Enquirer: 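Take a look at the following structure, please.
Worth saying up front: this structure is predicted, and the values here are computed from it rather than measured. Counting starts at 1 for both ligands and their atoms, in listed order.
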Amino acid sequence: MAEERQEAGHVAANLAAIRADIARAEADHGRGRGSVTLVAVSKTKTAGEIEPALAAEQRVFGENRVQEAQGKWPALRARFAGIELHLIGPLQTNKVKEAVALFDVIETLDRESLAGALRKEIDRSGKTPALYVQVNTGAEPQKAGILPEEADAFLRLCRETYGLAIAGLMCIPPADEPPSAHFALLARIARRNGIETLSMGMSADYDAAIQLGATHVRVGSAIFGARPAHGANG
Ligand SMILES: *Cc1c(COP(=O)(O)O)cnc(C)c1O
């Protein structure tokens, strides 16, 4: 029990520090106070590990696997009101039904077959999650996301052919490069397509992302501690 309390205190203290630092970054970079939303990335963490964040009033969370999220969030939602859940990992078309049912925001729309499957499921279910398009700003072969040079055409396709409202853009810069050029590229694509929501920046680089216009930063390890390296998917 003592260990659990200590862990809870750790998460609450980390959250407080990150919140203060986001407010500091907003001020430093001339961003409006409260213009940046903290998405607490709770992938690989158990419900018990997430609870201290909920107790500390955190309500926006990110998960990267549909099945894992299904295993822990319905019960947490029954106990805590106002939770907003973001899918930040790749979405297979055969999981679209579950994803639309569970998530408020799907940040990883990145191909036409997924746009079509989302259109169908939104019509069928009457539930409309906010959709962000993921851009593979570093054109990394192993990474999901639409290529930067294909982004404008893909956004048009989503909007015009599939009638999907695209609320935002998301990127994960290459791990071995300075991220700022990638954040700036995502911001330029957003601006020319009339998109105001930018999900970019993680534990190591959210300050640079806020400087370049992030409206959502996705922070995991700085809140919940390190994850096992194996299979953590970035
Ligand atoms: C895991 C993950 C994060 C959080 O990364 P940290 O370095 O732990 O802050 C953010 N975005 C995506 C897409 C992730 O998969």
Enquirer: Are the side chains of Lys143 and Ile172 in contact, using a 4.5 Å heavy-atom criterion?
Expert: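 Counting from C-beta outward, Ile172 and Lys143 do come under 4.5 Å.
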Enquirer: Which of the atoms in ligand 1, numbered in the order shown and given with their element, are less than 4.0 Å from a heavy-atom of Lys43?
Expert: 1 (C), 2 (C), 3 (C), 14 (C), 15 (O)
Enquirer: Which word best sums up how the rings of Trp73 and Phe61 line up, parallel for under 30°, tilted for 30 to 60°, or perpendicular for over 60°?
Expert: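 Trp73 vs Phe61 ring planes: tilted.
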Enquirer: State whether the side chain of Arg119 and the backbone N or O of Tyr162 hold a donor-acceptor pair below 3.5 Å, judged by distance alone.
Expert: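 Looks like yes, one N/O pair under 3.5 Å.
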Enquirer: Hey, looking at atom 10 (C) of ligand 1, which of Arg65, Met202, Arg227, His86 has the closest heavy atom?
Expert: Met202
Enquirer: Donor-acceptor check, side chain of Thr46 to backbone of Glu49, threshold 3.5 angstrom: yes or no?
Expert: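 Yes.
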Enquirer: Is there any N or O on Ser203 that sits under 3.5 Å from an N or O of ligand 1?
Expert: yes
Enquirer: Indicate yes or no for a side-chain donor-acceptor contact from Glu26 to the backbone of Gly34 under 3.5 Å, with no hydrogens or angles considered.
Expert: yes
Enquirer: Are any of the N/O atoms in Gly220 less than 3.5 Å from those in ligand 1?
Expert: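 Min N/O separation from ligand 1 is below 3.5 Å for Gly220.
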Enquirer: What are the atoms of ligand 1, with element, lying closer than 4.0 Å to any heavy atom of Arg218?
Expert: 4 (C), 9 (O), 10 (C), 11 (N), 12 (C), 13 (C)
Enquirer: Quick one: which ligand 1 atoms are inside 4.0 Å of a heavy atom on Val219?
Expert: 9 (O)
